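One structure is given here, and the rest of the page talks about it.
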Amino acid sequence: MNSITKILLVAAVGVGGSLVAQMAQAQRSGEQAGAALYATHCAACHSGDRFGGLGPALLPESISKLRGPALATIIARGRPASQMPAFGSDLSSEEIEQIAVYLRTEPDEQPVWELEDIQATHSVLVDRKDLPKKPVFRGDPLNLFTVVEAGDHHVTILDGDRMEPIARFESRFALHGGAKYSPDGRFVYLASRDGWVTLYDLYSLQTVAEVRVGLNTRNVAVSGDGRYVMAGNMLPHSLVVLDAKDLRPLRVIPVTGDDGESSRVSAVYTAPPRASFIVALKDMPEVWEIPYSKPKKPVYPGFVHNYEAGMVEALGVQDQAFALRRIRLESHLDDFFFDQDYRHLIGASRDGQSGQVVNLNVGQKIADVALDGMPHLGSGITFDWQGRSVLATPHLKESKISVIDMTDWSTVKVLETQGPGFFMRSHENSPYAWADVFFGPNKDVVHIIDKKTLEIVKTLRPEPGKVAAHVEFDRSGRYALLSIWDDEGAVIVYDAKTLDEVKRLPMSKPVGKYNVYNKITYEEGTSH
Ligand code: DHE
């Protein structure tokens with residue numbers, strides 16, 4: 001390199017370097033201006049630390065779904081059907097952008113939310129001994145539906161005999177994951193992305209207790225014996241065990257690998273025959289099994305022996321409950337489906353290219369499954385086909401449904417759909433499986449699949465232009481309830497045999513509905 005080139009290079013790096021420095025400085029001052037504006041205009045409702053208060057948390061994890069200009073638009077225009085006002089006339093668009101930049105900035109220190117923080121949020125609104133012994137309404141309490149309405153953050157309790165709402169209450173902000181029931185079906189547990197868990201009594205139709213388990217939560221699961229609720233968090237990286245009676249926090253389990261690195265929780269599932277919770281992790285190639293008691297009969301030879309052989313690490317507890325079994329994998333697995341006896345777990349690979357079957361008894365991958373296009377296994381269903389148990393799953397990135405033989409994990413059939421789908425549902429008494437098309441130009445259609453021929457026999461378009469998604473059957477399998485995902489949406493009740501519309505109940509973006517009986521009996525056609 002001659003000296004002239006050297007001088008030019010040094011000058012270029014100098015200019016480039018100062019440009020980078022200038023940009024970083026501009027970013028920092030934008031953030032600082034955003035922080036000051038936040039303190040003046042937002043902190044009163046969302047709290048100074050952005051953990052949330054009257055309004056939801058505004059940490060980067062909390063707003064990750066608001067991509068591009070969506071966040072600034074909400075600040076400018078407010079949120080309909082909420083207390084979030086519009087700031088468009090008080091603040092310039094530059095100031096709104098500065099707030100948005102600040103909200104997307106990680107806090108200087110990693111937020112903490114420990115057992116004491118959780119305990120401080122715990123409130124019991126009604127003492128269990130003051131609850132009535134019988135339902136305060138007429139009708140089958142096991143045929144109720146909990147309907148989550150995301151449009152205005154409410155929950156409707158629907159009588160599945162008359163298909164009439166019997167209660168409606170405001171929920172915490174952005175409930176996510178299925179509603180979970182106590183094994184007797186009397187209580188429902190709801191988790192919000194904001195970390196709140198709510199316990200609601202379906203007999204007296206009132207909220208019994210609440211607690212904030214984290215700053216960003218994925219979902220909850222209820223133990224098969226009804227004693228515990230486990231919540232999985234994205235922020236902080238933890239699992240929280242609650243007393244199912246009143247949500248009293250019992251312990252926090254940090255989600256940490258051998259190397260000391262922590263992981264977000266993808267989801268926590270209950271595995272009643274194993275008397276354990278199964279945990280999917282986002283950032284670690286491991287599946288965790290956490291027993292809450294000894295299973296009634298050993299789930300596999302050597303279960304107890306394996307404990308003794310040190311397969312579990314006690315997390316500072318004397319009993320075997322909540323000890324941890326790590327199942328180490330070759331790659332990350334997200335989004336699980338379990339066979340009916342919880343011996344196998346089918347997980348989707350993070351790259352969306354395949355699926356894997358893990359035998360939970362031996363704690364090893366035993367097969368690969370041909371599942372590309374990001375299968376949404378959590379929404380898969382099982383049913384009997386030609387004497388064999390098959391799994392059917394939609395794909396989030398491809399217009400197809402895969403049907404997999406659960407004895408040898410081969411693909412039985414791939415059905416072409418009118419677009420990628422999110423949810424599938426059936427019922428053992430129904431000849432049909434229902435699958436929505438959630439993305440693309442046909443997001444308003446739902447396919448009806450004959451479970452015998454594995455052919456699409458009908459395609460419904462109940463409300464042209466509006467997303468039609470998420471089906472759930474009533475207890476008997478006679479009716480199928482479908483959502484129109486719109487702020488001015490509805491739950492449509494279909495006759496599950498004739499496929500005729502029976503009734504339309506107006507609702508505010510009813511994202512999910514969960515029938516008590518189908519959930520507590522682990523009906524093969526619904527999510528668990
Ligand atoms: Fe969900 C359940 C993961 C985005 C609505 N979702 C689940 C479950 C998981 C999951 C692991 C099963 C847990 C359970 O039910 O307890 N969801 C994810 C994601 O990783 C993803 C793609 C990204 C994210 O930001 O979390 C995601 N989910 C969404 C949405 O955008 C949806 C459509 C709207 C919303 O409300 O957030 C959505 N997810 C749902 C619903 C269920 C669910 C309605 C319960 C389905 C059921 O019938 O059981």
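Sequential numbering from 1 along the given sequence is applied to the chain's residues. Only heavy atoms go into these numbers, but all of them, side chains included; no hydrogens, no water, no symmetry mates. In each ligand, atom 1 is the first atom listed, and ligand 1 is the first ligand listed. Remember, predicted model here, so these are calculated numbers, not experimental data.
Proximity of atom 33 (C) of ligand 1 to the protein is indicated by at least one non-hydrogen atom lying closer than 4.0 angstrom. At least one protein heavy atom sits closer than 4.0 Å to atom 11 (C) of ligand 1.
Every residue two or more places apart in sequence or in another chain that forms a salt bridge (charged side-chain N to carboxylate O under 4.0 Å, His left out) with Lys365 is listed here: Glu330, Asp368. Scanning for salt bridge (charged side-chain N to carboxylate O under 4.0 Å, His left out) contacts around Glu501 gives Arg504, with sequence neighbours left out. For Asp225, the salt bridge (charged side-chain N to carboxylate O under 4.0 Å, His left out) partners are Arg227, not counting sequence neighbours.
The residue among Arg218, Glu61, Glu472 with a heavy atom at the shortest distance from atom 21 (C) of ligand 1 is Arg218. Of the candidates Phe336, Tyr514, Phe422, it is Tyr514 that places a heavy atom closest to atom 44 (C) of ligand 1.
Counting non-hydrogen atoms of other residues, nucleotides and ligands closer than 6.0 Å to CZ of Phe51 gives a total above 12. Atom NZ of Lys466 has more than 12 neighbouring heavy atoms from other residues, nucleotides or ligands inside a 6.0 Å radius.
Nearest to atom 36 (O) of ligand 1 among the protein's heavy atoms is Leu175 O, 4.1 Å. With respect to atom 31 (O) of ligand 1, the closest heavy atom belonging to the protein is Lys65 NZ, 2.5 Å. Ranking protein heavy atoms by distance to atom 15 (O) of ligand 1, first place goes to Gly178 N, 2.8 Å. Taking atom 48 (O) of ligand 1 as the reference point, the nearest protein heavy-atom neighbour is Arg425 NH2, 2.4 Å. Looking only at heavy atoms of the protein, atom 13 (C) of ligand 1 is closest to Asn219 ND2, 3.4 Å. The nearest heavy-atom contact from the protein to atom 47 (C) of ligand 1 is Ser527 OG, 3.3 Å. For atom 46 (C) of ligand 1, the closest non-hydrogen atom on the protein side is Phe423 CE2, 3.7 Å. Shortest contact from atom 29 (C) of ligand 1 to any protein heavy atom: Arg193 NH2, 3.5 Å.
Just one of Asp159, Asp140, Asp161 meets the salt bridge (Lys or Arg N to Asp or Glu O under 4.0 Å) condition when paired with Arg475; it is Asp140. A side chain to side chain donor-acceptor pair (under 3.5 Å) with Glu149 is found for one member of Lys509, Lys513, Arg168 and no other, namely Arg168.
Every heavy atom of Tyr189 sits 4.0 Å or more from the atoms of ligand 1. Remark: distances from the non-hydrogen atoms of Lys513 to ligand 1 are all 4.0 Å or more.
Side chain of Ser238 to backbone of Val252: no donor-acceptor contact under 3.5 angstrom is found. Remark: side-chain polar atoms of Ser402 are not paired, donor with acceptor, to backbone N or O of Leu371 under 3.5 angstrom. Asn429 places a side-chain N or O within donor-acceptor distance of the main-chain N or O of Ser476, the cut-off being under 3.5 Å. Using modelled atom types, no side-chain atom of Asn442 and backbone atom of Val445 make a donor-acceptor pair closer than 3.5 Å.
Around atom 1 (Fe) of ligand 1, the protein contributes the following N, O or S atoms under 2.8 Å, ordered by chain and number: His176 NE2.
Checked against a 6.0 Å centroid threshold, the rings of Phe438 and His470 do not count as neighbours. Taking the six-membered ring for Trp and the full ring otherwise, the centers of Tyr200 and Phe169 sit less than 6.0 Å from each other.
With respect to Glu286 and Arg328, a salt bridge is recorded, a charged nitrogen being found less than 4.0 Å from a carboxylate O. Under the 4.0 Å criterion applied to side-chain N and carboxylate O atoms, Arg186 and Asp184 are not assigned as salt-bridge partners.
Annotation for ligand 1: atoms under 4.0 Å from non-hydrogen atoms of Ala267 are 11 (C). Ligand 1 places these atoms under 4.0 Å from at least one heavy atom of His470: 46 (C), 47 (C), 48 (O). Ligand-side atoms of ligand 1 in range of Lys180: 14 (C), 15 (O), 16 (O), range being under 4.0 angstrom from any heavy atom.
Of the N or O atoms in Ser266, none lie within a sub-3.5 Å distance of an N or O in ligand 1. For ligand 1, none of its N or O atoms has an N or O atom of His376 under 3.5 Å away. Close N/O approach between Trp485 and ligand 1 is not found [any backbone or side-chain N/O within under 3.5 Å].
Using a 4.5 Å heavy-atom threshold, the side chains of Leu190 and Arg172 count as separate.
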